[in-house]
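The figures here come from the full heavy-atom set of this structure, side chains too, leaving out hydrogens, waters and symmetry mates. The model shown is predicted, which means the values in this text are computed figures rather than measured ones.
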Amino acid sequence: MAADTLKSTTGAGGGAAAVRRLLLDNGALTALIVLLIAMSALSGDFLTTDNLLNVGVQAAVTAILAFGVTFVIVSAGIDLSVGSVAALSATVLAWSATSHGVPVVLAVVLAVATGIAAGLVNGFLIAYGKLPPFIATLAMLSVARGLSLVISEGSPIAFPDSVSHLGDTLGGWLPVPVLVMVVMGLIAAFVLGRTYIGRSMYAIGGNEEAARLSGLRVKKQKLAIYALSGVFAAAAGIVLASRLSSAQPQAADGYELDAIAAVVIGGASLAGGTGKASGTLIGALILAVLRNGLNLLSVSAFWQQVVIGVVIALAVLLDTVRRKAGATPVAAGTGGGKGRQAMTYGLAAVVTVAVVGATSFLHSGSSSTSNPKVGLALSTLNNPFFVQIQSGAKAEAKKLGVDLTVTDAQNDASQQANQLQNFTSSGYDAIIVNPVDSDAAGPAVRAADKAKIPVVAVDRGVNKATTDALVASDNVAGGELAAQTVAEKLGGTGKIVILQGQAGTSAARERAEGFAKGLKAFPGIQVLAQQPADFDRTKGLDVMSNLLQAHPDVQGVIAANDEMALGAIKALGSKAGKSVQVVGFDGTPDGLTAVTNGTLYASVAQQPSQLGRIAVDNALKAFQGEKVAETVKVPVKVVTKENVAGFTG
């Protein structure tokens with residue numbers, strides 16, 4: 001009777017019920033299919049071979065990191081250090097191979113060993129030190145990032161050419177990072193499903209005490225689990241640095257959150273005991289498709305963060321609904337679910353191809369806009385200076401009839417490389433780039449050059465690549481002016497501190513170089529301290545407050561931008577503009593207001609709106625085949641209370 005009822009129910013449900021159950025059983029896969037269909041319908045540039053390969057490349061680093069994090073989360077742990085460990089491993093490789101002549105093969109071994117060592121330290125602190133995984137790996141996040149900055153001295157290190165080929169393509173079309181991602185995914189799947197340590201992960205995550213009582217050496221297994229996470233982090237760091245042709249000490253900042261999100265979206269539980277490599281790959285692809293599609297749709301950089309957060313929440317919510325509906329994940333390594341899983345992925349592929357193919361007809365025959373399309377890739381929009389560049393660029397684009405798309409890299413060189421690749425694969429008529437790092441932007445700009453797309457650099461140049469024009473102020477000359485201004489105000493003698501920019505950025509290096517050059521002419525000026533405050537107002541406040549405890553007799557402050565200068569003014573209180581003279585850099589609206597009020601003595605103004613206007617003008621000329629100057633210098637100007645009224649920026 002039960003068998004008859006089951007047959008009857010199955011037959012009555014038909015194909016629709018089977019599909020519904022299939023989708024519910026694979027929440028992350030369903031979300032990916034929906035995203036692919038939506039992006040294909042909304043953007044005619046999404047469904048191209050070049051762009052789909054871009055999505056794969058952009059998912060690679062996150063996916064490799066996430067495979068390692070999968071081991072940890074399955075065992076009911078967490079690893080917040082993978083992004084920093086990736087940066088440290090790449091820095092060790094570049095530092096040993098280029099600065100110390102270590103053979104490249106041995107340098108790669110050292111990089112992997114660095115990842116293993118970091119993982120073992122995490123595992124030891126957790127297993128034997130009894131520290132919560134969150135605390136132990138949070139400490140390693142800070143230690144690894146700090147060591148990366150110490151080894152590199154805050155500057156990017158060129159990557160060995162033999163290893164940089166990992167960022168290239170095979171046969172001129174197949175990206176090597178995608179191949180590495182697939183190989184690492186297969187290794188992760190094998191470890192989880194076919195090895196003793198993989199089964200141990202599920203046992204520990206399901207019930208650690210029961211695993212211990214059954215004879216499992218839990219502490220040693222945790223050492224191995226976190227060491228594996230370190231290996232995958234090192235591999236991700238090498239791939240990332242290969243793409244950027246340089247080891248960036250600030251690389252992969254925040255990537256640990258993307259990796260954890262990819263694992264959870266892929267169906268793993270933070271409580272442990274469930275998770276698989278294929279789900280993690282799907283989670284990483286969801287994040288990559290989302291970011292790629294939002295770029296193509298010209299969604300505001302600010303709204304992109306909101307949309308990504310909402311989609312992550314919805315994807316996890318769908319998985320929760322699936323679990324409540326009674327779907328049970330197939331245990332890794334069991335044979336019974338393999339055929340069903342293969343059928344699931346096969347059916348998903350067929351459905352996706354069919355629907356995406358149908359939606360592509362929405363774009364066939366549609367006429368594109370007659371206006372030139374220009375992409376503006378900014379290093380960050382979390383700084384008034386770059387917001388002004390954007391404003392000037394938008395005003396000029398509107399005046400000239402240019403469709404301008406602006407992206408925000410959030411000071412992440414890898415994210416900016418992805419955005420530049422999206423502009424290239426979408427066939428933009430011209431690209432304007434404000435590099436996060438001059439070396440890291442090189443490979444993506446070379447790809448645009450190869451596609452015959454003119455590129456204009458703004459504020460910072462691009463190394464090892466050809467740009468049609470560079471529109472910039474001279475940061476070194478500006479730094480000299482800042483030093484000269486504060487020294488002259490102090491009468492050639494006095495005690496000052498310097499607030500430096502974000503370590504590893506070209507603007508911070510060049511302005512610091514200018515400060516040093518300018519102060520050489522004033523031997524009576526004593527530099528009490530130099531500390532980074534990362535171009536951030538809050539950090540400027542904190543760092544200046546700390547420095548005042550050690551140096552209450554300070555008489556002058558040079559800040560590498562107005563934001564840090566404004567933070568320093570807040571820390572100085574009534575001293576600002578009276579007993580302590582502060583000089584900033586950039587000429588932002590808030591900075592100029594402080595100059596007017598007398599709390600900021602001067603700002604070395606770059607006229608950022610002019611930078612944006614001139615960059616768009618030159619990009620349009622380059623697209624139209626007109627001759628443009630290789631370098632367009634926008635003069636800097638020292639703005640004080642005497643001339644601030646006539647300065648427009």
Mind checking the CD1-CE spacing from Ile558 to Met564? Nearest 0.5 Å is all I need.
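Ile558 CD1 to Met564 CE: 11.0 Å, rounded to 0.5 Å.
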Return the OG1 to NZ distance between Thr599 and Lys570, rounded to the nearest 0.5 Å.
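Thr599 atom OG1 to Lys570 atom NZ measures 10.5 Å (nearest 0.5 Å).
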Can Asn411 and Gln250 be said to form a side chain to side chain contact (heavy atoms under 4.5 Å, CB included), step by step?
CA-CA 9 Å; Asn411 280 323; Gln250 294 285 8; over 6 Å; no
Residues [X], [Y]: salt bridge by 4.0 Å N-O rule:
X      : Y      : result
Arg509 : Glu513 : no
Asp45  : Lys373 : yes
Arg613 : Asp617 : no

Verify the distance criterion only: is there a donor paired with an acceptor across the side chains of [X] and [Y] at less than 3.5 Å?
X      : Y      : answer
Ser155 : Glu153 : no
Ser148 : Thr91  : yes
Gln607 : Ser609 : no
Ser414 : Tyr255 : yes

Determine, stepwise, if the pair Val616 / Leu620 fulfils side chain to side chain contact (heavy atoms under 4.5 Å, CB included).
CA-CA 6 Å; Val616 170; Leu620 183 60; 5.5 Å; no
Side chains of [X] and [Y]: does their closest heavy-atom pair fall under 4.5 Å?
X      : Y      : result
Gln248 : Asp437 : yes
Asp459 : Phe386 : yes
Asn418 : Arg291 : no
Val583 : Tyr601 : yes
Ile496 : Ile525 : yes
Val402 : Asn371 : no
Ile453 : Thr424 : yes
Val554 : Met544 : yes

Output every pair passing salt bridge (Lys or Arg N to Asp or Glu O under 4.0 Å) with a member in residues 528-554, not counting sequence neighbours, ordered by first then second residue.
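Sorted result for residues 528-554: Lys495-Asp553, Asp534-Lys539, Arg537-Glu563, Arg537-Asp590.
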What salt bridge (Lys or Arg N to Asp or Glu O under 4.0 Å) pairs are there with at least one residue in residues 387-398, not counting sequence neighbours?
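Of all non-adjacent pairs touching residues 387-398, none passes salt bridge (Lys or Arg N to Asp or Glu O under 4.0 Å).
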Please determine whether the number of non-hydrogen atoms from other residues, nucleotides or ligands lying under 6.0 Å from atom NZ of Lys399 exceeds 12.
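Atom NZ in Lys399 is not packed in, count stays at 12 or less.
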Give a yes or no on this: more than 12 heavy atoms of other residues, nucleotides or ligands lie within 6.0 Å of atom CD of Glu626.
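Yes.
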Who are the side-chain contact (heavy atoms from CB on, under 4.5 Å) partners of Asn422, not counting sequence neighbours?
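Asn422 satisfies side-chain contact (heavy atoms from CB on, under 4.5 Å) with Asn51, Asn54, Gln58, Asn292, Asn295, Leu296 only.
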Taking side-chain hydrogen bond (donor to acceptor under 3.5 Å, both in side chains) as the criterion, tell me which of Asp408, Thr407, Asp412, Thr405 meets it with Gln419.
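Result for side-chain hydrogen bond (donor to acceptor under 3.5 Å, both in side chains) with Gln419: Thr407.
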With distance as the sole test, does Ser438 use its side chain to make a donor-acceptor pair with the main-chain N or O of Gly461 at under 3.5 Å?
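A pair under 3.5 Å: yes.
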Would you find a donor on one side and an acceptor on the other, under 3.5 Å apart, between the side chain of Thr62 and the backbone of Ala59?
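Side chain of Thr62 to backbone of Ala59: no pair is present.
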Distance-only donor-acceptor pairs under 3.5 Å for side chains of residues 464-480, two or more places apart:
residue	atom	partner	partner atom	Å
Asp468	OD1	Val455	N	3.0
Ser473	OG	Gln606	OE1	3.3
Ser473	OG	Val634	O	3.1
Asp474	OD1	Val476	N	3.1
Asp474	OD1	Ala477	N	3.0
Asn475	OD1	Arg511	NE	3.0
Asn475	OD1	Arg511	NH2	3.3
Asn475	ND2	Glu510	OE1	3.1

Test side chain to side chain contact (heavy atoms under 4.5 Å, CB included) applied to Asp562 and Leu600, step by step:
CA-CA 9 Å; Asp562 284 345; Leu600 182 65; 4.2 Å; yes
Pairs involving residues 402-454, ordered by first then second residue, that meet ring-ring contact (aromatic ring centres under 6.0 Å, His included) (sequence neighbours left out)
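Counting only pairs at least two positions apart or across chains, the ring-ring contact (aromatic ring centres under 6.0 Å, His included) contacts touching residues 402-454 are Phe423-Tyr428.
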For Leu166 against Pro177, the heavy-atom pair lying closest together:
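Closest heavy-atom pair between Leu166 and Pro177: O-CD, 3.1 Å.
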Pair Val497, Gln530 - check side chain to side chain contact (heavy atoms under 4.5 Å, CB included), show working.
CA-CA 6 Å; Val497 299; Gln530 300 185 60; over 6 Å; no
Name the atoms and distances for all side-chain donor-acceptor pairs under 3.5 Å in residues 375-384, with sequence neighbours left out.
residue	atom	partner	partner atom	Å
Ser379	OG	Asn434	OD1	2.7
Thr380	OG1	Asn382	N	2.9
Asn383	OD1	Phe385	N	2.9

